[in-house]
Amino acid sequence: MRQKELRIALICYGGVSLAVYMHGVTKELWKLTRASRALHAGDETLSGSEAVYLEMLQHLRSKSDVMLRVMPDILTGASAGGINAVFLAQAIHSGQSLEPLTELWLEHADVDKLLDPEARLWTWIAKFWAPPVVQFLLSRPGSAVNESVAPETRRQVRKKLGRFVRSRWFAPPFSGIGFSGLIADALKAMEEAPADRPLLPPGHPLDLFVTATDFGGYIELLRINSPAVVQESEHRLPIGFRARTPAEPGHQLADPLELTLAARSTASFPGAFPPLKLGEIDELARRRKREWTGRGQFIERVMPGHMRQQDADRVSLVDGSVLVNAPFSEAMGALQGRPAQREVDRRFVYIDPRPDRIGRRAQEKGEDVGFFKAIVGSISAIPREQPIRDNLEQIQSLSREAERLQQIAAALRPEVERTVNKLFGRTFFMNRPTPRRLAAWRAKAQQAAAEQAGYAFHSYAQAKFTGIVERLSQMVFSSAPGLLLHDAAPIADALRSELERRGLSSLIDPAGGAAEEAIRFFRDHDIGFRIRRLRLLARRLTRDWEGGRTITEADRDAGRDVIYRALAIYFDREGPESLGESFPAIAEGVLTYPGAVLDAIAERRDLQALDLKVEEMLAEALEAMPKPLRRRILFAYLGFPFLDVATLPLFRNEGFTEFDPIKVDRISPDDAVSIRSGGTFATLRGVEFFNFGAFFSRSYRENDYLWGRLHGAERMVDLVCSTMEGEVDALEITACKRRIFLAILDEEEGRLKADLTLIPKIRAEVMERLANA
């Protein structure tokens, strides 16, 4: 059975109380991922929507002979969307349940619960005169409540808003440490509940990023022509976590105090919550009697600028969506160097609960922009709603580059194969490869590619050399935060000086090809070449050689298996974590002893020993293959140096990236119309009162959470079906959605009681709109 991975990089927008809707969406992604894991484990004990997802995956497997695994392995978020990203990442990594977050949103995301106890009923004067004034102001025709809140809930909103307005003035009404406590409580509830197996394969990396805004900012250096270095103030502060998926359940993605800090800081809505300071988390740890053992290392990692300035304890963090409401760039940065065990379909999926910005602005056409509207829009609304065009265009550019690379490779393939055939075609033992022969043939092919490339080899060797030095310097930089450097440039300069001292001032041998010193350097450090070569083989086995009569799917699948296992061996040595716990101490001496750092990396990676291991695997697999496939793999493997010489200088030192072009998908009320059309305003209630509506009404929160699950389920089905080869029957898709919708309504019927008409009404719509499914 052919295996394929649907890898999802999820981006959760900020949206104030619409975070409740986004939680419903992320919950369906969690449930689909659980069903996918169950498919691979042979687990049939699921219930609710998970059981329907499992049946869908089983049905698609039987039709297409593809076993799909859903893998959300990159999660980013801003503001309240960042909270959802934090909890989803913890659930994926640990195997814990996401249900405690549902209770947090439904029960505690209410203005009465969030108000700081010291801010309630501020003074006797406020108690005396505020209620009638508030009642008068909020009852007038054209008031904010009358304009933006449904008639049936205006009384409840006015009552809660009255208490809100009567709280203290000129200070945030909501409690910062109270909010941190709620987040910590939900994480603790996840920890105490029974945990299942993690949702990603053991060893697979999981990346989490949330955005925060550093109100005071910190100094960063920019390198320009004149003067050489200038200082700039930086206010963006991404807080990131990366961990390898454990084999056993219950392991934390990170210290719960650090996850609490990330969630609390990214959702620190200006004016509503006080800015987060490190002292708040310290006080929370004291109250909970928890020791924050990794505090120093965490601050060094996420606030290196303030560590240089020695003012980390004075940092004030406010809502992440002030500057970055759609953190695409962090997700894109996490793509580099991800492992692949099988064919990958990479998707960037973003949740936008309110994509109707043009419609809302249309109501203001013809109106002059007044004094206060201009100020508020400039400092709040416009920055938060800056389009993601730049991010999407960058993704499209990378995807087009990948497509061009594939086209160039396809065009060069006949010539490369002729060259390899001329070089090896009469080799007597070509059909009986051994590890020793593979190593010798590999060296011969690489030398021939270097000699035949002529002048082109100069640019190729320099592109390889520069790329390797840059990656090594970044690896050392990330391993040595104690150096308090602004960037990796000083490290790269030190490494280049050391390599020139070792004889690499010129990479080319006068007689042709690479110099001996360059060959030794590439053998010790060029892990990228090895990975690119194996990725080419994986692609040929998956796409380029399908449909041939002499090569069966079983033969190709056996070949893919060994290629991906070989890739995993190199991937394990690619990151700084493979260098051991003692490497950071060595890395911090790089400016003084760069040679010792280079030698430590070469010794600890030991790429030449890995080459022997991989070639043993390949030789064993090749021996069991039919002759036509064996020769194709050998020719592709030995021909790769010729292809790499031609393509690497053209493609930013990256060559073959994670796999095929990246696709982008959106999840919003406008994209899920199977049950009810009309988009956001036809389904969500949290949009009322300037997106704060769900904080004033439990029934609103229940409504938005339920629609989040329903919309999320619909888009999960769309995502899965779009990654399968061939068209999936539309009636089958509709029938599957109908069953999932009904399963969700059945699951939530006992929990959602604030509006007893909600579920029956939506169930009737499902039965009517999808009656023929």
Rounded at 0.5 Å granularity, tell me how far CE in Met56 sits from CZ in Arg739.
10.5 Å
So, do Phe692 and Phe269 have ring centers that fall under 6.0 Å from each other?
yes
In this structure, CG of Asp729 is separated from NE2 of His59 (nearest 0.5 Å) by 8.0 Å
Between Asp319 and Ser79, does any side-chain donor sit less than 3.5 Å from a side-chain acceptor?
yes
Looking at CG of Leu187 and CD of Gln96, how far apart are the two atoms once the value is rounded to the nearest 0.5 Å?
8.5 Å
Should the pair Arg288-Asp185 be classified as a salt bridge under the 4.0 Å nitrogen-to-oxygen rule?
yes
Using a distance-only test with no angle check, is there a side-chain donor-acceptor pair under 3.5 angstrom linking Glu258 and Gln252?
no
Answer yes or no: are there more than 12 heavy-atom neighbours, outside Glu765 itself, under 6.0 Å from its atom CD?
yes
Under 4.0 Å between a side-chain nitrogen and a carboxylate oxygen: does that hold for Arg676 and Glu768?
no
Kindly compute the distance separating CG (Asp704) from CZ (Arg709), expressed to the nearest 0.5 Å.
15.0 Å
Electrostatic pair Arg751-Glu99, nearest N-O below 4.0 angstrom
yes
Got a salt bridge between Arg37 and Asp196, using NZ or NE/NH1/NH2 to carboxylate O under 4.0 Å?
yes
I need the His711 NE2 to Ile351 CD1 distance, nearest 0.5 Å.
12.5 Å
What are the two closest non-hydrogen atoms of Pro256 and Arg290, and how far apart are they?
CG-NH2, 3.6 Å
Less than 4.0 angstrom from a charged side-chain N to a carboxylate O is my criterion; do Glu5 and Arg69 meet it?
no
Is there a donor in the side chain of Ser268 and an acceptor in the side chain of Arg264, or the other way round, less than 3.5 Å apart?
yes
Can you give me the closest heavy-atom contact between Leu6 and Leu719, atom names plus distance?
CD2-O, 4.2 Å
Are Val728 and Leu60 packed together at the side-chain level, in the sense that at least one heavy-atom pair is separated by less than 4.5 angstrom?
yes
Is there a side-chain contact (heavy atoms from CB on, under 4.5 Å) between Ile239 and Thr266 once you walk through the steps?
CA-CA 9 Å; Ile239 301 174; Thr266 192; over 6 Å; no
Check: Ser674/Glu714 side-chain N/O donor and acceptor closer than 3.5 Å
yes
Would you tell me whether Asp43 and Thr45 have side-chain atoms, one donor and one acceptor, within less than 3.5 Å of each other?
yes
Do you know which two heavy atoms are closest between Ile83 and Ala267, and how far apart they sit?
CD1-CB, 3.6 Å
Which distance, rounded to the nearest 0.5 Å, do you find between the OH of Tyr350 and the CE of Met22?
14.0 Å
When you measure from the centre of the six-membered ring of Trp30, is the NZ or CZ of Arg34 under 6.0 Å away and within 45° of the axis?
yes
Strictly under 6.0 Å, is that where the ring centroids of His23 and Phe87 end up?
no
Under a 4.0 Å N-O cut-off, is there an ion pair linking Arg715 with Asp718?
yes
Ignoring hydrogens, what is the shortest heavy-atom contact between Asp110 and Ser697? Give both atom names and the distance.
OD2-N, 4.4 Å
So, Arg347 and Ser722: side-chain donor and acceptor under 3.5 Å apart, yes or no?
yes
Presence of salt bridge, Glu28 and Lys31, under 4.0 angstrom
no
Glu702/Asp755 under side-chain contact (heavy atoms from CB on, under 4.5 Å): CA gap, chis, key distance, verdict
CA-CA 8 Å; Glu702 291 186 1; Asp755 180 1; 5.6 Å; no
